[in-house]
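Working notes, structure below.
Below, read A as the first sequence line, B as the second, and so on, with proteins coming before strands; counting in each chain starts at 1.
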Protein chains: 2
Amino acid sequence: MPTPHYGQPRYRAIADELRERITSGAIPPGALLPSESALTVEFEASRGTVRQAIAVLREEQVVATEHGRGTYANPYRREGASNADAESETRQRRVAADADLAALFTVEVGSLIIEEQRVTRRNGTVRAVVRTYRRHQSDE
Amino acid sequence: MPTPHYGQPRYRAIADELRERITSGAIPPGALLPSESALTVEFEASRGTVRQAIAVLREEQVVATEHGRGTYANPYRREGASNADAESETRQRRVAADADLAALFTVEVGSLIIEEQRVTRRNGTVRAVVRTYRRHQSDE
DNA sequence: AGAAATTTGTCCGTATGTATC
DNA sequence: AGATACATACGGACAAATTTC
């Protein structure tokens with residue numbers, strides 16, 4: 001069978017579905033998620049894909065996993081209740097310097113510099129996008 | 001062949017080795033790591049295991065990976081404790097949204113959004129340029 | 001411009017190790 | 001001890017982004 005993943009990969013779709021069950025309360029805080037093999041059957045995905053989905057949620061601290069036990073939902077609440085849904089994604093890549101950046105960094109236009117982008121969401125909608133530019137290998 | 005991982009799993013051992021090469025300077029900041037297939041040969045491990053090792057370093061932000069390009073070492077610097085001489089200039093203006101920003105903010109490409117730019121200098125040389133993008137106050 | 005090669009991303013199936021119940 | 005559940009590891013296949021020719 002081929003491996004089509006047009007648009008969203010399957011492990012993200014599975015992660016979204018599980019996250020939804022947790023945030024909606026279908027899986028209450030502290031409860032065990034279905035086992036990986038159960039999820040394998042339900043989503044008709046391989047165990048590796050299911051584990052990849054759970055890894056996403058673990059990184060978001062939506063779940064916590066214990067070896068031999070299982071994966072728990074929402075093991076502890078964020079201390080600040082204000083942190084309703086402050087998701088933050090970070091991405092790093094190299095981009096060509098535009099005229100402004102080239103002038104600031106004293107490099108040629110088009111030189112590759114580091115861009116780190118953070119996307120801040122609240123209640124799902126993008127709040128702000130922060131792009132930080134640096135040079136490689138600066139010296140201090 | 002069995003799959004023994006007494007004590008430390010292999011992917012962690014590989015991660016340790018690669019981290020050592022980076023922190024020791026054998027792989028300088030900004031340089032590309034060997035490709036996954038090359039590491040597969042060198043460590044005599046499967047590609048999945050190599051990728052798991054790289055995932056560890058990526059989470060530690062010791063490396064950054066780009067699709068189709070490769071994995072770079074240490075793209076940004078640790079913030080030194082000495083913030084001796086930090087100046088900062090701020091500028092705000094309206095700019096046209098590029099494809100990425102348009103997608104994130106769910107607006108049309110070219111729509112005007114707010115850009116706030118801060119330039120951080122130390123000892124006269126530009127340290128970092130931070131650009132924060134937001135939408136106009138319209139909804140929410 | 002376009003095709004091929006390279007490199008990372010996703011997904012599957014299987015087997016075995018280790019921790020917990 | 002046995003059953004269950006997560007962790008590690010292999011190998012193969014195809015997809016997607018980038019670079020090279």
hbond_proxy B:His67 side chain to D:dA16 base (donor-acceptor, 3.5 Å cutoff)
yes
Test salt bridge (Lys or Arg N to Asp or Glu O under 4.0 Å) applied to A:Arg12 - qualifying residues, sequence neighbours left out
none
A:Arg10 has its side chain closest, among D:dG11, C:dC12, D:dC6, to C:dC12
Select from A:Gly68 and A:Tyr11 the residue whose nearest nucleotide in DNA chain C is closer to the 5' end of that strand.
A:Tyr11
Going by side chain to side chain donor-acceptor pair (under 3.5 Å), name the residues that satisfy it together with B:Thr125, two or more places apart in sequence or in a different chain.
none
Select one nucleotide: of C:dC11, D:dA9, C:dT8, the one nearest the side-chain heavy atoms of B:Thr65.
C:dT8
Round to a whole Å and report the spacing from OH of A:Tyr72 to C1' of D:dC6.
12 Å
May I ask you to verify if any side-chain N or O of B:Thr49 is less than 4.0 angstrom from the OP1 or OP2 atom of D:dC10?
yes
Just how far, in rounded Å, is P of D:dT8 from CD1 of A:Ile54?
14 Å
Sub-3.5 Å donor-acceptor pair from the side chain of A:Arg134 to the main-chain atoms of A:Glu115, do we have one?
no
Spacing between B:Arg58 atom CZ and C:dG9 atom C1', to the nearest angstrom
10 Å
Rounded to whole angstroms, how far apart are CZ on A:Arg12 and P on D:dA15?
20 Å
B:Arg131 versus B:Val129: any side-chain heavy-atom pair under 4.5 Å?
yes
Atom CZ of A:Arg93 and atom C1' of D:dT18: how far apart are they, to the nearest Å?
14 Å
Would you mind telling me which of C:dC12, D:dT19, C:dG9 lies closest to the side-chain atoms of B:Arg69?
D:dT19
Tell me, which of residues 31-41 of chain A have any heavy atom that sits under 4.0 Å from an atom in DNA chain C?
none
Below the 4.0 Å mark, does C:dG9 have OP1 or OP2 next to a side-chain nitrogen or oxygen of B:Arg51?
yes
Suppose we screen for side chain to side chain donor-acceptor pair (under 3.5 Å). Which residues come up paired with A:Ser111, at least two apart in sequence or across chains?
none
Suppose we screen for salt bridge (Lys or Arg N to Asp or Glu O under 4.0 Å). Which residues come up paired with B:Glu17, at least two apart in sequence or across chains?
B:Arg21
Base, sugar-phosphate, or nothing: which does B:Gly70 touch, judged by heavy atoms less than 4.0 Å apart?
sugar-phosphate
Test for a donor-acceptor pair under 3.5 Å between the base of C:dG9 and the side chain of B:Arg47, counting only N and O atoms.
yes
Who passes side chain to side chain donor-acceptor pair (under 3.5 Å) against B:Tyr11, sequence neighbours left out?
none
